[in-house]
Amino acid sequence: MRLNCRYQDPDNTIADLDVELFTKDGWIPLGLSETSPGFLIFTYSVFTCQHMYMRLNCAERGLMLESSTGSIELVTSEDWKMQKLHVEFDGKLKSGSPTGDDIDYITGRMGQCPVSVNMQHPPESKAELRLS
């Protein structure tokens, strides 16, 4: 799953968001409904929660985003147990100059989103944030 987002002031509010899902036919727009597979909804929940914490904590640190791209890679075993979870965001800044401490704080807070806190972490898990 991947996303492209544009933001508006004053607190990195979402102005435009596109989320796509990789399928056997390539990238398609994500469309969730009452018939969507539960695991797809779960994956989107993890992704959107991480995204919310990334954008809000950037704003808290005075880092105003113009746009971002993000991706989530979630790999499971045959019995659907998570083995790998990678979430990463590349943000283009409108204003602010991030320090290493800012990045550590933001990625640490991303791991505290309610969905992440309430799931068992897979053996391989990481969150990345790059701002330019």
Side-chain angles (χ1 to χ4, degrees):
M1 203 175 284
R2 68 182 181 189
L3 68 76
N4 290 296
C5 191
R6 286 184 311 106
Y7 306 94
Q8 59 191 16
D9 294 335
D11 57 2
N12 291 333
T13 301
I14 295 172
D16 185 48
L17 175 68
D18 294 308
V19 180
E20 297 175 300
L21 179 65
F22 190 73
T23 69
K24 64 181 178 178
D25 300 319
W27 291 100
I28 61 169
L30 177 66
L32 297 178
S33 72
E34 64 279 351
T35 60
S36 296
F39 199 78
L40 179 60
I41 295 169
F42 169 76
T43 303
Y44 181 68
S45 295
V46 173
F47 197 24
T48 194
C49 192
Q50 294 281 312
H51 178 237
M52 180 182 72
Y53 270 64
M54 182 276 293
R55 67 184 181 79
L56 294 179
N57 284 283
C58 278
E60 182 181 301
R61 294 290 224 179
L63 304 169
M64 303 315 298
L65 296 163
E66 182 176 311
S67 63
S68 73
T69 59
S71 64
I72 183 171
E73 179 184 14
L74 200 149
V75 177
T76 67
S77 63
E78 290 178 8
D79 60 353
W80 292 99
K81 299 226 191 260
M82 279 195 298
Q83 300 296 307
K84 178 180 177 183
L85 172 63
H86 289 182
V87 178
E88 58 183 54
F89 293 100
D90 287 297
K92 182 176 180 186
L93 289 169
K94 189 182 308 181
S95 65
S97 298
T99 65
D101 184 54
D102 290 327
I103 300 297
D104 290 344
Y105 175 81
I106 295 164
T107 55
R109 292 288 295 143
M110 287 166 56
Q112 297 301 310
C113 83
V115 176
S116 297
V117 167
N118 284 290
M119 66 181 206
Q120 189 175 34
H121 289 279
E124 186 179 331
S125 179
K126 72 177 177 179
E128 293 183 51
L129 172 62
R130 292 173 292 281
L131 298 172
S132 60

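Keep in mind that this is a model prediction, so the values were computed, not measured.
Contact record, Arg61 with Tyr105: NH2-CB, 2.9 Å, taken as the closest heavy-atom pair. Contact detail for Phe89 and Gly70: the closest heavy-atom pair is CD2-CA, 3.6 Å. Looking at every heavy atom in both residues, Pro98 comes nearest to Leu93 through CD-CD1, 3.4 Å.
Residues Ile14 and Val87 are members of one and the same hydrophobic cluster, defined by side-chain heavy-atom contacts under 4.5 angstrom among Ile, Leu, Val, Met, Phe, Trp and Tyr. In the hydrophobic cluster analysis, where Ile, Leu, Val, Met, Phe, Trp and Tyr join through side-chain heavy atoms closer than 4.5 angstrom, Leu17 is grouped apart from Met64. When the side chains of ILVMFWY residues are joined at heavy-atom separations under 4.5 Å, either directly or via intervening members, Met82 and Trp80 end up in a single hydrophobic cluster. Hydrophobic clustering of Ile, Leu, Val, Met, Phe, Trp and Tyr side chains at less than 4.5 Å, counting indirect connections, unites Phe47 with Leu32.
Asp101 and Thr99 form no side-chain donor-acceptor contact under 3.5 Å, judged by distance and modelled atom types alone.
One finds a salt bridge joining Glu88 and Arg130 here, because a Lys/Arg side-chain nitrogen approaches an Asp/Glu carboxylate oxygen to under 4.0 Å.
Inter-residue side-chain proximity for Cys58 and Ile106 is flagged as met; some heavy-atom pair is nearer than 4.5 Å. By the 4.5 Å heavy-atom criterion applied to side chains, Leu40 and Leu30 are counted as neighbours. Residues Asp18 and Glu20 are not in side-chain contact: their nearest non-hydrogen atoms beyond the backbone lie 4.5 Å or more apart. With a 4.5 Å cut-off on side-chain heavy atoms, Ser116 and Gln112 do not count as touching.
The distance from atom CG of Asp16 to atom SG of Cys5, rounded to the nearest 0.5 Å, is 7.0 Å. Summarising the geometry, atom CZ belonging to Arg6 is positioned 13.0 Å from atom CG belonging to Leu65; distances are rounded to the nearest 0.5 Å. Between the SG atom of Cys49 and the CG atom of Asn118 there is a distance of 9.5 Å, given to the nearest 0.5 Å. Rounding to the nearest 0.5 Å places CD1 of Ile41 at 7.5 Å from OG of Ser33. Taken to the nearest 0.5 Å, the NE2 atom of His51 stands 4.0 Å off from the OG atom of Ser68. Rounded to the nearest 0.5 angstrom, Ser71 OG and Met1 CE are separated by 11.0 Å.
Proximity of a side-chain donor or acceptor of Asp11 to a complementary backbone N or O of Ala59 within less than 3.5 Å is not detected. Thr48 places no side-chain N or O within donor-acceptor distance of the main-chain N or O of Tyr44, the cut-off being under 3.5 Å. Under a 3.5 Å cut-off, the side chain of Gln50 and the backbone N or O of Met110 do form a donor-acceptor pair.
Ring to ring, Phe39 and Phe42 are close: their centroids are under 6.0 angstrom apart.
Only one option out of Leu63, Asn57, Leu129 pairs with Asp102 in a side chain to side chain contact (heavy atoms under 4.5 Å, CB included); it is Leu63.
Cation-pi contact between Arg55 and Tyr7: absent, since separation from the ring centre below 6.0 Å together with deviation from the ring axis within 45° is not met.
Within 6.0 Å of NZ on Lys92 lie no more than 12 heavy atoms contributed by other residues, nucleotides or ligands.
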